[in-house]
Amino acid sequence: MDEKVLRGLAQDLVGGKLSVDDFLVRLKELPYLDMGDVKLDTHRALRKVFPEVVYCPGKSDDQLLRIAEAIAESDGPALFSRATEVQYAIIRRALSEVEYFPVARLVAARLPAEHPYDGVVVASAGSSDVPVAEEAAMVAIAMGCKVKRIYDVGVAGLHRLLAHIEELQSAKVVVAVAGMDGALPSVIGGIVSCPVIAVPTSVGYGASFGGLAALLTMLNACASGISVVNIDNGLGGGYCAALIARQACREKE
């Protein structure tokens, strides 16, 4: 952050040259924290509701440590995605209050104590899809949402899904996570009136092509109201679901 720019904006606000709304707009345009090979977007929460999520694969130990040190100086929640236990130990050197969620492969700091936004349901077709589903669930939780998990309810045993029909139909948004044939979002989309975020996973045998078959099934769903994110992108699915739930709850206020 450029302290001179920030100080000048603050003076303009106090002096009446900028309205509060204009001040917030200008804040959103402020630069990132430049650490050379790492540039942390320190103002993403102003633009996108939630701070930048740090993607851990491919980052060096030094890069992760410097990022964690920078985040330690800020407020609010922070997430590190696809993290290993070794990377968790590195991050914890700078952020003592972090937690590691091994199934979701997420390192989280300063998760919200309250979750005022309800209506998010995360459903997985099989238990092998749970890591991606948990990533989606934890991202939504970090964004202040209550999350209902419904796992191992794939179409191979449709009665398992239908046992939860009331929970599904009362949701504001459903994240449907599936590999193999990827049919779960289509089935859910046909019985609910809320948006469905479809997340294909790389789970499956050879002809699933690492999740490509599930992705194509979801893109070709005949049920309405289904949007699709990338293969194994639980983070993207959970983020979109949280935005929808937050907006729906605010419109009720």
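Heads up: numbering here begins at 1 and tracks the sequence.
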Using the rule that two of Ile, Leu, Val, Met, Phe, Trp, Tyr join whenever any of their side-chain heavy atoms come within less than 4.5 Å, decide whether Tyr239 and Leu106 are in one cluster. yes
Indicate, with yes or no, if Val120 and Val199 share a hydrophobic cluster defined by side-chain heavy-atom contacts under 4.5 Å among Ile, Leu, Val, Met, Phe, Trp and Tyr. yes
Do we see a donor-acceptor contact under 3.5 Å between the side chains of Ser202 and Asp232? yes
Test: Arg92 cationic atom under 6.0 Å from Tyr88 six-membered ring centre, within 45° of axis: yes
Just one of Val174, Val175, Ile141 clears the side chain to side chain contact (heavy atoms under 4.5 Å, CB included) bar with Val122, so which one? Val175
Between Lys148 and Val121 (side chain of the first, backbone of the second, donor and acceptor by atom type, cut-off under 3.5 Å), is there such a pair? no
Does Glu134 come within less than 4.0 Å of Arg149, counting only side-chain N to carboxylate O? yes
Looking at Glu135 and Gly234, would you say the former's side chain and the latter's main chain have a donor-acceptor pair under 3.5 Å? yes
Could you check if a side-chain atom of Val177 sits within less than 4.5 angstrom of a side-chain atom of Thr201, using non-hydrogen atoms only? yes
With distance as the sole criterion, is a donor-acceptor pair present between the side chains of Asp181 and Thr217 under 3.5 Å? no
Going by side-chain contact (heavy atoms from CB on, under 4.5 Å), name the residues that satisfy it together with Glu97, two or more places apart in sequence or in a different chain. Leu95, Arg110
Under a 4.5 Å cut-off applied to non-hydrogen side-chain atoms, are Leu161 and Leu168 in contact? yes
Quick one: does any side-chain atom of Arg246 pair with a main-chain N or O of Met143 as donor and acceptor, under 3.5 Å? yes
